[in-house]
2 protein chains.
Amino acid sequence: MARKIGSQSQITGPRIRVEAERLFARHGFAAVSMRQIAAAVGVQAGALYLYTPDKETLLFELLKTHMDKLLAALDAEPMPADPHKKLEQFVRFHIRFNLNCAQAVFLSYMELRNLSPQHFTTIEALRRRYEDALQAILEQGQAAGAFVLSDAKLATLAIIAMLTGVTGWFREDGRLDRGAVEDIYWDMVRKAVGA
Amino acid sequence: MARKIGSQSQITGPRIRVEAERLFARHGFAAVSMRQIAAAVGVQAGALYLYTPDKETLLFELLKTHMDKLLAALDAEPMPADPHKKLEQFVRFHIRFNLNCAQAVFLSYMELRNLSPQHFTTIEALRRRYEDALQAILEQGQAAGAFVLSDAKLATLAIIAMLTGVTGWFREDGRLDRGAVEDIYWDMVRKAVGA
DNA sequence: GTCTATAGAAAGATAGAC
DNA sequence: GTCTATCTTTCTATAGAC
């Protein structure tokens, strides 16, 4: 039987991550077999183990990479001093970034339970860092009298849940484009925090 | 080897559903085997097939039962005529009901993709009916001038995502009890819709 | 670096004894 | 109604050829 020849390591590695992310997001981590991933990439199952020690680590690497990118992008975002403008920046950033990697976002919220305890702790800490960034914005705005909040921690969780929900229904060819969705959500968040 | 005797069908059936729901919610549908469910119930794997034709149907029955209960409970809820009071009733109902069956809620949002197309359609229609109930409240309030909304459909999705998120972090022994959480979320929703 | 082949374990589901 | 036993398939992961 025919077999492929030559090195493809610079292509195969990224392709494994792309296909694994797509399949995990669509069917769930446990429902996807290494054979399915290999078939999507166009290699044999055994070849995957040149790039990952096991299936769980493959999932972890996907989540870790995503969270690192998320935090780096947030750090790179210009943050105005004004609490009002700062919150708007965060809201628009969150929607924009999450829509650009909806699959990874879905994984990050749904497949944490399939990680080993150690890997879980790592991802959880990164997620917490992201939440803390929003909470700090809310608390600073509250202290400055820009926002009226019953509870900054619950407002943080509520806002993130609300914004992340967009990835569940947004369609590129839908009724509203990304900018319009950003506008509408920012309007709701703005009112919710009493700004 | 010892074996159990006598009929337990009136006990075993419900127990299978309880344990399956618990295990599916904790580890994910695909990650849980029929043997695990059977072990949790205290029967052999083969005995499960007296109660369900297959694993996927077991999941479907759990989701269907949950959605039926949700819609029946919503119908049974007293709904004031005043839009403002009506929305408050919905918000408190949603949090209260979902906290009482957090596992089933999690399943309903996470494991839809493991249903057959036909079963998926059934559950999706029920979920849509629930969303429509909230959307109707928002649209009526908007028409009556009680709410100020950019988009009733997006407000529906945003509010449900925000409220459902509570099941992800609420702990019975946490900082806030259920009533306090209801109050805080209602305060945010109220402001977000411009009431 | 990728292949074929397979070891070894575990899955979903069924058959027939009790 | 539940058991034991098993069929058949599929899984993760590894070994060794090329």
Side-chain angles (χ1 to χ4, degrees), chain A residues 1-24 26-63 111 113-116 118-119, chain B residues 1-24 26-63 107 111 113-119:
Chain A
M1 205 160 153
R3 65 188 289 282
K4 296 180 181 171
I5 50 173
S7 168
Q8 299 286 334
S9 72
Q10 292 181 337
I11 298 173
T12 303
R15 272 181 54 75
I16 288 172
R17 288 188 284 276
V18 167
E19 296 298 334
E21 180 175 299
R22 188 177 61 79
L23 288 167
F24 288 162
R26 179 172 303 177
H27 306 289
F29 172 75
V32 174
S33 70
M34 294 297 265
R35 282 175 175 81
Q36 280 178 272
I37 299 169
V41 173
V43 298
Q44 294 294 318
L48 299 182
Y49 291 89
L50 294 169
Y51 300 90
T52 182
D54 53 41
K55 190 185 173 190
E56 187 266 345
T57 302
L58 176 55
L59 173 64
F60 170 70
E61 296 289 354
L62 291 174
L63 298 186
E111 302 293 358
R113 60 189 175 188
N114 286 303
L115 294 175
S116 68
Q118 197 164 15
H119 284 161
Chain B
M1 204 160 152
R3 66 188 288 282
K4 296 180 182 170
I5 50 173
S7 169
Q8 297 287 334
S9 71
Q10 291 180 339
I11 299 174
T12 302
R15 273 182 54 74
I16 288 172
R17 287 188 285 275
V18 167
E19 296 299 334
E21 181 176 299
R22 189 177 60 81
L23 289 167
F24 288 162
R26 179 173 301 175
H27 306 289
F29 172 75
V32 175
S33 70
M34 295 298 266
R35 281 173 176 81
Q36 279 178 270
I37 298 169
V41 173
V43 298
Q44 294 295 319
L48 299 182
Y49 291 90
L50 293 170
Y51 301 90
T52 182
D54 53 41
K55 192 184 172 191
E56 188 267 344
T57 302
L58 177 56
L59 172 64
F60 170 70
E61 296 288 354
L62 291 174
L63 298 186
L107 280 187
E111 302 293 357
R113 61 192 173 185
N114 286 303
L115 294 175
S116 69
Q118 198 164 14
H119 284 162

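Numbers restart at 1 for each chain; the letters A, B, ... are given by sequence-line order, proteins then strands.
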In whole angstroms, how far is the [atom2] atom of [N] from the [atom1] atom of [X]?
X: B:Glu56; N: C:dG12; atom1: CD; atom2: P; value: 13 Å
X: A:Leu48; N: C:dG1; atom1: CG; atom2: P; value: 14 Å
X: B:Arg15; N: D:dT2; atom1: CZ; atom2: P; value: 11 Å
X: B:Ile37; N: C:dA10; atom1: CD1; atom2: P; value: 17 Å
X: A:Leu50; N: D:dG16; atom1: CG; atom2: C1'; value: 13 Å
X: B:Asp54; N: C:dA11; atom1: CG; atom2: C1'; value: 14 Å

Please list, chain by chain and in numerical order, all residues satisfying side chain to side chain contact (heavy atoms under 4.5 Å, CB included) with [X], sequence neighbours excluded.
X: A:Ser116; value: A:Glu56, A:Gln118, A:His119
X: A:Arg22; value: A:Glu19, A:Arg26, A:Ala40, A:Gln103
X: B:Ala47; value: B:Val43

Under 4.0 angstrom between [X] side-chain N/O and [N] OP1 or OP2:
X: B:Gln44; N: D:dT4; answer: yes
X: A:Thr12; N: C:dT2; answer: yes
X: B:Tyr51; N: D:dT2; answer: yes
X: B:Tyr49; N: D:dC3; answer: no

Residues at least two apart in sequence or cross-chain that pass salt bridge (Lys or Arg N to Asp or Glu O under 4.0 Å) with B:Arg15, listed by chain then number, are none
Sorted by chain and number, sequence neighbours left out, salt bridge (Lys or Arg N to Asp or Glu O under 4.0 Å) with B:Arg35 holds for none
Using atom names, set out every protein N or O paired with an N or O of nucleotides 9-11 of chain D below 3.5 Å, distance rounded to 0.1 Å.
{"from": "D:dC11", "atom 1": "OP1", "to": "A:Ser33", "atom 2": "OG", "distance (Å)": "3.3"}

One should read off an interatomic distance between B:Leu59 CG and B:Thr57 OG1, to the nearest 0.5 angstrom, of 9.0 Å
